[in-house]
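A short worksheet on the structure shown next.
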Amino acid sequence: MKLTRDKVSSNFSEWYDWVLSEAEILDYGRYPVKGMGVWMPYGFKIRERVLANIRNLLNETGHEEVLFPLLVPETLLAKEAEHIEGFQGEVFWVTKGGNEELDVKLALRPTSEVSITYMENLWIKGYTQLPKKYYQIVSVFRYETKATRPLLRVREITTFKEAHTIHESYEDAERQVREAISIYKKFFDSLGIPYVISVRPEWDKFAGALYTVAFDTIFPDGRVVQIGTVHHLGQNFTKAFDMKIQRADGSLDYPHQTSYGISDRAIAAIIAIHGDDHGAVLHPLVAPILVVVIPIPAKEEGEKVKDYARKIAHSLNSAGIITKIDDNEKATPGEKYYYWELRGVPLRVEVGRRELASKTVSIKRRDTLESKEVELNHLIDAVREILKQIEDNMRTSSWKRMKDLVSRVDDLNLAKSRLESKLGIVEVPWCGNNKCGLKMEEQTGGRVLGSPYEGAEIQGKCVVCGSPAETVLRIAKTY
Ligand SMILES: Nc1ncnc2c1ncn2[C@@H]1O[C@H](COS(=O)(=O)NC(=O)[C@@H](N)CS)[C@@H](O)[C@H]1O
């Protein structure tokens, strides 16, 4: 399937499904429950490496991993009015145990604010225990009624990395929002995934939040995907649970909370944004195999070539560079190239009689498909250096591709036509009035992502009402 990566291509969706199934990452659409797929061994290893990455970032910033029950009683979920209202249509309910009707129906958690606040109310009595930063990496369930898509819009999110924090003051929770944003920046930067950070509009914040800050990225088809969100919850949930703590000045008050989460969409972004015509291009940080060694069969000296290949694989593995040798007799080198390129292995080492004779190896990069000859005794350093170059190249090229799809326009019709032709994100001057913001969605057919979390240059006139702009609003076609 020919797919030009840089053109905003309509068959991105087919490419995406093709890579996930052909590379045996995820078997999606065949398991007999809509919106749920099966992680296959290779994909499961990618998933484990992504989770290890976010775990490290959370653990080194004082977050403590916990594990809450999957089932949430309706009485808890209903505590925070806006929250239950927002999730009402998205909850899977358990209503029976064996042959008995349950007296209180139980939700499969769609997210865990109410479960965590309920238990914090038992655990936390005073400000000396604060702040607390918990997180869990669990499955959450949402009865999505729009078309489901593997990893992007599923009914079981299997890698929901949700963090929940609690603080003595609004300001300390605000500081935590900033910390969460810097953690998510590090996470996406380490994977070379580009993003814009926006404060979601009032009408599109998380149900139960004071405000929501979201990370959005642009997929190769030009559509925008929300890949992470950070919410300041204020006292909404602690008031709903009547949870008061003793403050430093001795007064009793409701503590303030935040929550933030990244779902399977992070893996969807790694596959979609870095992939190419040959399949996945895996980031070295999450690739289950970093180097595949392929011996080129030779009539004479065939055994020597294989020994040479085995020696190379052994020295790379001993240096901690996960390497696999593909000495499958039944496949030709060309078939092996196709097989491992589809799976996005960052480096391929080809060794034949020529390399044996000259004590060199030929290294082929998966990201640029460039080859280079390397002396055997420089192999380890060369591989390490090239893996670093791959990381840098993946990040810079994906940021450039995204930046080319973000444009500033000062006219609503131009914004509409831009979204229809190029998709991506348009930024228009905005007076800050929600009425004007909603009008922009109506008139462009796009969705308002919100205003830049940081660094908006404020100039021009609101494209709807003409009054002086306070900031810009980002509009896009989203998943
Ligand atoms: N059906 C879905 N499939 C895949 N990812 C989803 C789905 N619904 C939401 N997400 C992702 O999950 C992230 C967090 O979800 S959320 O509703 O915005 N926020 C929360 O649930 C908060 N409790 C923070 S953990 C979103 O940013 C979005 O990227």
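When a ligand or atom number is given, it counts from 1 through the structure's own listing order. Just so it is clear, the model here is predicted, and its values are computed rather than measured. The analysis underlying the following values was restricted to heavy atoms, covering all of them including side chains, and did not include hydrogens, waters or symmetry mates.
S263 OG, 3.4 Å is the protein heavy atom nearest to atom 11 (C) of ligand 1. Ranking protein heavy atoms by distance to atom 7 (C) of ligand 1, first place goes to I157 CD1, 3.5 Å. Looking only at heavy atoms of the protein, atom 20 (C) of ligand 1 is closest to F206 CE1, 3.5 Å. Nearest non-hydrogen protein atom to atom 3 (N) of ligand 1 is V154 N, 3.1 Å.
Atom 24 (C) of ligand 1 has its nearest heavy-atom neighbour, among E90, H231, K205, E162, in H231. With R149, R200, R142, E144 as candidates, the residue nearest to atom 1 (N) of ligand 1 on a non-hydrogen basis is E144.
For W399 and Y195, the ring centers sit closer than 6.0 Å to each other. Aromatic rings from H278 and Y338 are positioned such that their centres are separated by 6.0 Å or more. Ring centroids of F141 and W93 are separated by 6.0 Å or more, keeping the two rings apart. For Y479 and F219, the distance between ring centers is under 6.0 angstrom.
If you look at Q226 next to ligand 1, the close heavy atoms, those under 4.0 Å, come from the backbone and the side chain alike. Heavy atoms from both the backbone and the side chain of T229 come within less than 4.0 Å of ligand 1. Proximity of T111 to ligand 1, defined as any heavy-atom pair under 4.0 Å, is confined to the side chain (atoms from C-beta onward). Contacts with ligand 1 closer than 4.0 Å are made by side-chain heavy atoms of E113 only, the backbone lying farther away. Under 4.0 angstrom from ligand 1, the non-hydrogen atoms of L152 all belong to its backbone.
Within the structure, the closest approach of L151 to ligand 1 falls below 4.0 Å when heavy atoms are considered. Within the structure, ligand 1 has F160 among the residues with a heavy atom less than 4.0 angstrom away. In this structure, D264 falls outside the shell of residues with a heavy atom less than 4.0 angstrom from ligand 1. Remark: distances from the non-hydrogen atoms of V230 to ligand 1 are all 4.0 Å or more.
Within ligand 1, counting atoms from 1 as listed, the ones closer than 4.0 Å to a heavy atom of S259 are 22 (C), 23 (N), 24 (C). Residue contact check: G228 has heavy atoms under 4.0 Å from atoms 27 (O) of ligand 1.
The aromatic rings of Y135 and H63 sit perpendicular, their planes meeting at an angle over 60°, well past the 30° parallel limit. Classification of the F215-F188 ring pair by plane angle, with boundaries at 30° and 60°, yields tilted. Classified by interplanar angle (parallel below 30°, tilted 30° to 60°, perpendicular above 60°), the ring pair Y118/F241 is perpendicular.
Of all heavy-atom pairs between A415 and V409, the closest is CB-CG2, 3.6 Å. Closest of all the heavy-atom pairs between H167 and Q257 is CD2-CA, 4.5 Å.
Remark: side-chain polar atoms of H83 are paired, donor with acceptor, to backbone N or O of A207 under 3.5 angstrom.
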| query | Run the ring-ring contact (aromatic ring centres under 6.0 Å, His included) check on Y260 and H164 step by step: do they pass? | reply | CA-CA 7 Å; Y260 29 105; H164 299 266; 8.1 Å; no
